[in-house]
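Everything on this sheet refers to the single structure shown next.
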There are 2 protein chains.
Amino acid sequence: MAEKYEIDSTDKKIIKLLEKDARMPFLEMARKIGVSGGTIHQRVEKLKEAGIIIGSSIKVDYAKLGHGVVVLLGLHLVNARDIHKVIDKLEKMDEIVEAYYTTGDYALIVKIMVKDINHFHEFLIGKIQMIKEIQSTESFISLKQVIDKSLNV
Amino acid sequence: MAEKYEIDSTDKKIIKLLEKDARMPFLEMARKIGVSGGTIHQRVEKLKEAGIIIGSSIKVDYAKLGHGVVVLLGLHLVNARDIHKVIDKLEKMDEIVEAYYTTGDYALIVKIMVKDINHFHEFLIGKIQMIKEIQSTESFISLKQVIDKSLNV
DNA sequence: ATTGAAATCATTAGCGA
DNA sequence: TCGCTAATGATTTCAAT
């Protein structure tokens, strides 16, 4: 994995368009890029096979659904060896949406989404602090995401 | 904004399916959920109007395109009042894909994607440290994202 | 990479619970 | 009000070039 892949400017344009709108019709993309719809279809299939396009998803305003608080949580483990056990447990928690192995201060940094500060408190005490392999945590509470965009490849 | 919205179980099922695959045909969703295609269409339109569905995007394996390193960066500002000026500058940088206002230690936490550690170094010295409103930074380098999922609403 | 044809889908209007 | 059906135009998909 992580082998570099050769993509040309047409592939790049396709990726850029689909990052903005995953449901854009292939024929519309074709008109914008200046190739045929069949070509778009072939290119997208190739990008999927190559594992460059992994999937697609809608963007949801979770705040409108009552989950407005994002918290970044740095985790210290008792023993670095337990990291996979910890990840297994974290994976099952609904509040956790992302997790990163990191170098430096923390073994892991996780991103969680919760309804409010009370919910966060309950989550921290009732779920995170129940994992005995976790020694301590540091919380960075965010009330607003100010930038959210796709990488310009 | 951030008003709560009443969504029923059909809306939830639609959101869940589209989070897994934004290009899923409405008729396929209709068959899975047990309603007509027209109903899916109406519901999706309503969810968009309500601002719950904001957009859609493909998921790209950026590591395969040579941008394999994610860094979370905590920023300390010289003066908290300058935060909007800083955000404006950050917004223009290709490497920065997300940014959060946070309480506590940092004024901002940003997520960046870079090719490798050298690229990160150049970015830090050549771009971040050029912003005079930023006092100091702390870096959390991630070589692997181990969890990435959608919130279970 | 394009073309063209067949299957499938999106979209809308009108009907009915 | 909400969901369904039916009809049309657009799109996806694939084989042949």
Side-chain angles (χ1 to χ4, degrees), chain A residues 3-67 150-153, chain B residues 1-62 64-66 148-153:
Chain A
E3 330 118 39
K4 273 203 213 169
Y5 231 90
E6 281 309 313
I7 64 170
D8 66 9
S9 82
T10 301
D11 292 325
K12 267 191 204 171
K13 286 176 196 156
I14 290 172
I15 289 172
K16 216 166 274 190
L17 287 174
L18 288 176
E19 277 177 332
K20 263 197 246 153
D21 177 8
R23 278 191 90 90
M24 182 177 291
F26 288 2
L27 287 175
E28 190 180 336
M29 299 172 63
R31 288 189 289 268
K32 277 185 207 288
I33 296 177
V35 294
S36 74
T39 297
I40 302 287
H41 185 258
Q42 288 178 342
R43 294 295 190 110
V44 170
E45 285 303 312
K46 242 190 274 177
L47 289 168
K48 279 194 211 162
E49 267 175 44
I52 292 170
I53 294 180
I54 303 163
S56 64
S57 182
I58 50 170
K59 283 186 228 161
V60 173
D61 184 344
Y62 292 108
K64 286 226 169 96
L65 300 178
H67 292 74
S150 292
L151 184 63
N152 211 352
V153 288
Chain B
M1 61 198 85
E3 331 117 37
K4 273 204 217 169
Y5 228 90
E6 282 308 316
I7 64 169
D8 65 10
S9 81
T10 300
D11 292 324
K12 268 191 204 172
K13 285 175 197 158
I14 290 172
I15 289 172
K16 216 167 275 189
L17 287 173
L18 287 176
E19 277 177 334
K20 263 195 251 157
D21 176 9
R23 275 191 94 91
M24 181 177 292
F26 288 2
L27 288 174
E28 190 180 335
M29 299 172 61
R31 288 188 289 269
K32 276 186 207 287
I33 295 177
V35 294
S36 76
T39 297
I40 301 287
H41 184 260
Q42 289 177 339
R43 293 295 191 110
V44 170
E45 284 304 310
K46 241 189 273 177
L47 288 168
K48 278 195 211 161
E49 269 176 42
I52 292 171
I53 294 179
I54 303 161
S56 64
S57 182
I58 51 170
K59 283 184 229 163
V60 173
D61 185 343
Y62 293 107
K64 286 224 169 95
L65 299 178
D148 186 8
K149 63 185 185 191
S150 292
L151 185 63
N152 210 352
V153 286

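If you're wondering where the values come from, they're calculated on a predicted model, not measured in any experiment. A note on names: the letters A, B, ... follow the listed sequences, proteins ahead of strands, and every chain is numbered from 1.
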**Message:** For the NZ atom on B/Lys149, are there more than 12 heavy atoms of other groups (residues, nucleotides or ligands in this structure) within a distance under 6.0 Å?
**Reply:** yes
**Fill in**
Contacted region of DNA chain D by chain B, from 5' end to 3' end of the hits, cut-off under 4.0 Å to heavy atoms, spans D/dG3 to D/dT12
**Prompt:** Does OP1 or OP2 of C/dT11 have a side-chain N or O of B/His41 closer than 4.0 Å?
**Reply:** yes
Sub-4.5 Å side-chain heavy-atom contact between [X] and [Y]:
{"X": "A/Leu18", "Y": "A/Ile14", "value": "yes"}
{"X": "B/Ile7", "Y": "B/Ile15", "value": "yes"}
{"X": "A/Leu27", "Y": "A/Ile40", "value": "no"}

Taking distance alone, no hydrogens or angles, what donor-acceptor pairs closer than 3.5 Å link side-chain atoms of residues 44-57 of chain A to residues at least two apart or in another chain?
residue, atom, partner, partner atom, Å
A/Ser56, OG, B/Asp21, OD1, 3.3
A/Ser56, OG, B/Ala22, N, 2.9
A/Ser57, OG, B/Glu19, O, 2.9

**Asked** Under a 4.0 Å heavy-atom cut-off, which of residues 13-32 of chain A touch DNA chain C?
**Response** A/Arg23
**Prompt:** Going by the side chain to side chain donor-acceptor pair (under 3.5 Å) test, which pairs reach into residues 25-38 of chain B, not counting sequence neighbours?
**Reply:** B/Ser36-B/Thr39
**Item:** Point-to-point distance, once rounded to the nearest 0.5 Å, from CD of B/Gln42 to OG1 of B/Thr10
**Value:** 12.0 Å
**Message:** How long is the straight-line distance from CD of B/Glu6 back to CG of A/Leu65, given to the nearest 0.5 Å?
**Reply:** 10.0 Å
**Message:** Once side chain to side chain contact (heavy atoms under 4.5 Å, CB included) is applied, do any residues pair with A/Lys20, and if so which ones, sequence neighbours excluded?
**Reply:** none
**Which atom of B/Met29 lies closest to which atom of B/Met24, heavy atoms considered** = CG-SD, 3.4 Å
**Fill in**
5' to 3', nucleotides 1-7 of chain C under a 4.0 Å protein heavy-atom cut-off (B base, S sugar-phosphate only, - none) gives BBB----
